[in-house]
There are 2 protein chains.
Amino acid sequence: MSLKEELGLKRGFNVIEHEAVLNIYFTASKLKKRADEFFRKFNVTDVQFNVMMLLHYQSEDGGGLSQAQLSKMMLVNRANITSLIDRMEKAELVTRNSSDDRRYNIIKMTGKGKKLFGKVEPLYGKLVVEKMSAIKKGEQKQLIAILEKVRSY
Amino acid sequence: MSLKEELGLKRGFNVIEHEAVLNIYFTASKLKKRADEFFRKFNVTDVQFNVMMLLHYQSEDGGGLSQAQLSKMMLVNRANITSLIDRMEKAELVTRNSSDDRRYNIIKMTGKGKKLFGKVEPLYGKLVVEKMSAIKKGEQKQLIAILEKVRSY
DNA sequence: AGTTAACTGTTAAGATATATACTATTTATA
DNA sequence: TATAAATAGTATATATCTTAACAGTTAACT
């Protein structure tokens, strides 16, 4: 089903450029919603899981990341990280630790966080692979290349 | 610049499927932010402008749309439309009107809303065209086709 | 007619996002 | 060294989004 049919749109947006932008928006929106549904079964949100993923894969020797680093990696405003980490601290998924540079906090996963991540991550990986099996490997590469151009233009 | 470089990611997400999903997310996120920046110059948010766009292009003879219709077209929960329309009513961009079926509200643009839309829409169109000129028409068609598959899978 | 089911909009609680302004700290520079 | 600039995190106000529960209206069905 085309995007227009799906949304019940009857006319307008008939310029191809608009359609491309709309497609990016709505596809991302749907993927995000499906991912969030998945994560909520484990009592985390998609954004919170994103933090855990970054702490797992992106911190040097598991040494943690600062809020500013998380902010950059997630394309999210610094201010938003504060409350996000507040909630994750409350849920005992991460801790704030002081560093040499006293402007920084170092965010690390707790044991509980690591355990949850270890359980959920492989399942999520399967979900992504399944979802993307809708298109061939070649198309995936094309998609990545095209979006890269759009994004960095 | 590749997505990984841009975000300062050092490893992980190295499976192509993950990259494709990440690319969709982040491209959409960037486009959304850029659009929102643009609209805020005119004291509307991107979501509010989306409502106006639908009221302009999608309502029968300018007869307005119900909140449920807007909800479906925007892939947004009904509950969210309530507060969205509240704010737009307050800003005098739209009005709620009663209908024969007393379950429905009919949302219409005010004169002020129409005037603003007439001013902003062509400028936004230019922005989209410019943004999408990063890729060729053929690539735009490919993009649309590929995302359509991913979305409806 | 009367009951049930479906639909619309609202409300409430909570999460995520923005911008702006502020404090504290560190770095750069005159 | 002293001042200015940059950086990190927080506080606040506002917007958007989710789910769940609820009330009123309409449609379907016995």
Side-chain angles (χ1 to χ4, degrees), chain A residues 8 25-26 28-51 64-91 93-107, chain B residues 8 25-26 28-51 64-91 93-107:
Chain A
Y25 278 159
F26 280 96
S29 155
K30 271 206 163 181
L31 288 177
K32 185 173 154 52
K33 279 178 195 172
R34 189 155 312 186
D36 198 41
E37 273 171 28
F38 168 79
F39 290 125
R40 279 186 192 276
K41 289 185 221 154
F42 305 97
N43 290 314
V44 261
T45 66
D46 56 342
V47 180
Q48 290 177 10
F49 192 79
N50 197 356
V51 171
L65 295 171
S66 71
Q67 297 187 192
Q69 283 175 308
L70 287 171
S71 164
K72 271 172 205 154
M73 288 172 178
M74 297 169 74
L75 289 190
V76 153
N77 193 289
R78 266 194 348 264
N80 189 34
I81 302 289
T82 297
S83 53
L84 178 59
I85 297 298
D86 282 350
R87 283 185 295 271
M88 292 185 76
E89 231 181 356
K90 207 171 168 187
L93 298 172
V94 300
T95 53
R96 278 182 169 94
N97 306 273
S98 53
S99 72
D100 293 341
D101 186 333
R102 279 181 293 176
R103 289 173 304 182
Y104 283 82
N105 289 332
I106 297 176
I107 310 300
Chain B
Y25 280 158
F26 280 96
S29 157
K30 270 207 162 182
L31 289 177
K32 185 174 155 52
K33 279 178 195 173
R34 188 154 313 185
D36 199 42
E37 272 170 29
F38 168 79
F39 290 125
R40 279 185 192 277
K41 290 185 220 153
F42 305 97
N43 290 313
V44 260
T45 66
D46 57 341
V47 179
Q48 290 177 10
F49 191 79
N50 196 356
V51 171
L65 295 171
S66 71
Q67 298 187 191
Q69 283 175 308
L70 287 171
S71 163
K72 271 171 203 155
M73 288 172 176
M74 298 168 74
L75 289 191
V76 153
N77 193 287
R78 266 194 348 263
N80 189 34
I81 301 289
T82 297
S83 54
L84 178 58
I85 296 299
D86 283 349
R87 284 185 295 270
M88 292 184 74
E89 231 181 356
K90 206 170 168 186
L93 298 172
V94 300
T95 52
R96 278 181 169 94
N97 306 273
S98 54
S99 71
D100 293 341
D101 186 333
R102 280 180 292 177
R103 288 172 303 182
Y104 284 83
N105 289 334
I106 297 176
I107 310 300

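Here is the naming used below: chain letters follow the sequence lines, and residue numbers restart at 1 for every chain.
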Presence of [X] side-chain N/O under 4.0 Å of [N] phosphate oxygens OP1/OP2:
| X | N | result |
| --- | --- | --- |
| B:R40 | C:dT20 | no |
| B:Q67 | C:dC7 | no |
| B:Q48 | D:dT16 | yes |

With side chains defined as the heavy atoms from C-beta onward, is the minimum distance between A:I107 and A:R96 less than 4.5 Å?
-> yes
Got a list of side-chain donor-acceptor pairs under 3.5 Å for residues 72-83 of chain B, not counting sequence neighbours?
unit_1	atom_1	unit_2	atom_2	d
B:N77	OD1	B:A79	N	2.8
B:S83	OG	B:N80	O	3.2

Correct closest heavy-atom pair for A:Y104 and A:S66 would be CD2-CB, 3.3 Å
What is the minimum heavy-atom distance between B:Q67 and B:N105, and which atoms define it?
-> OE1-ND2, 3.2 Å
Looking at every strand, decide which applies to [X] at a 4.0 Å heavy-atom threshold: base, sugar-phosphate, or nothing.
| X | answer |
| --- | --- |
| A:R87 | base |
| A:D36 | nothing |
| A:L75 | sugar-phosphate |

Could you tell me which residues satisfy salt bridge (charged side-chain N to carboxylate O under 4.0 Å, His left out) with B:R103, sequence neighbours excluded, listed by chain and number?
-> B:D101
Listed pairs, N/O of protein and of nucleotides 24-28 of chain C, under 3.5 Å:
unit_1	atom_1	unit_2	atom_2	d
C:dT26	OP1	A:R102	N	3.0

Of the candidates D:dT16, C:dA17, D:dT10, the side chain of B:K33 sits closest to C:dA17
Which one, C:dT16, C:dA17, C:dG9, comes nearest to the side chain of B:S66?
-> C:dG9
Atom pairs and distances, side-chain donor-acceptor, residues 42-49 of chain A, under 3.5 Å, sequence neighbours left out:
unit_1	atom_1	unit_2	atom_2	d
A:T45	OG1	A:Q48	N	3.1
A:D46	OD2	A:K32	NZ	2.6

So which of residues 76-84 of chain B are in contact with DNA chain D, with a heavy-atom cut-off of under 4.0 Å?
-> B:V76, B:N77, B:A79, B:N80, B:L84
List for me each residue that meets side chain to side chain donor-acceptor pair (under 3.5 Å) alongside B:R102, sequence neighbours excluded, and say none if there are none.
-> none
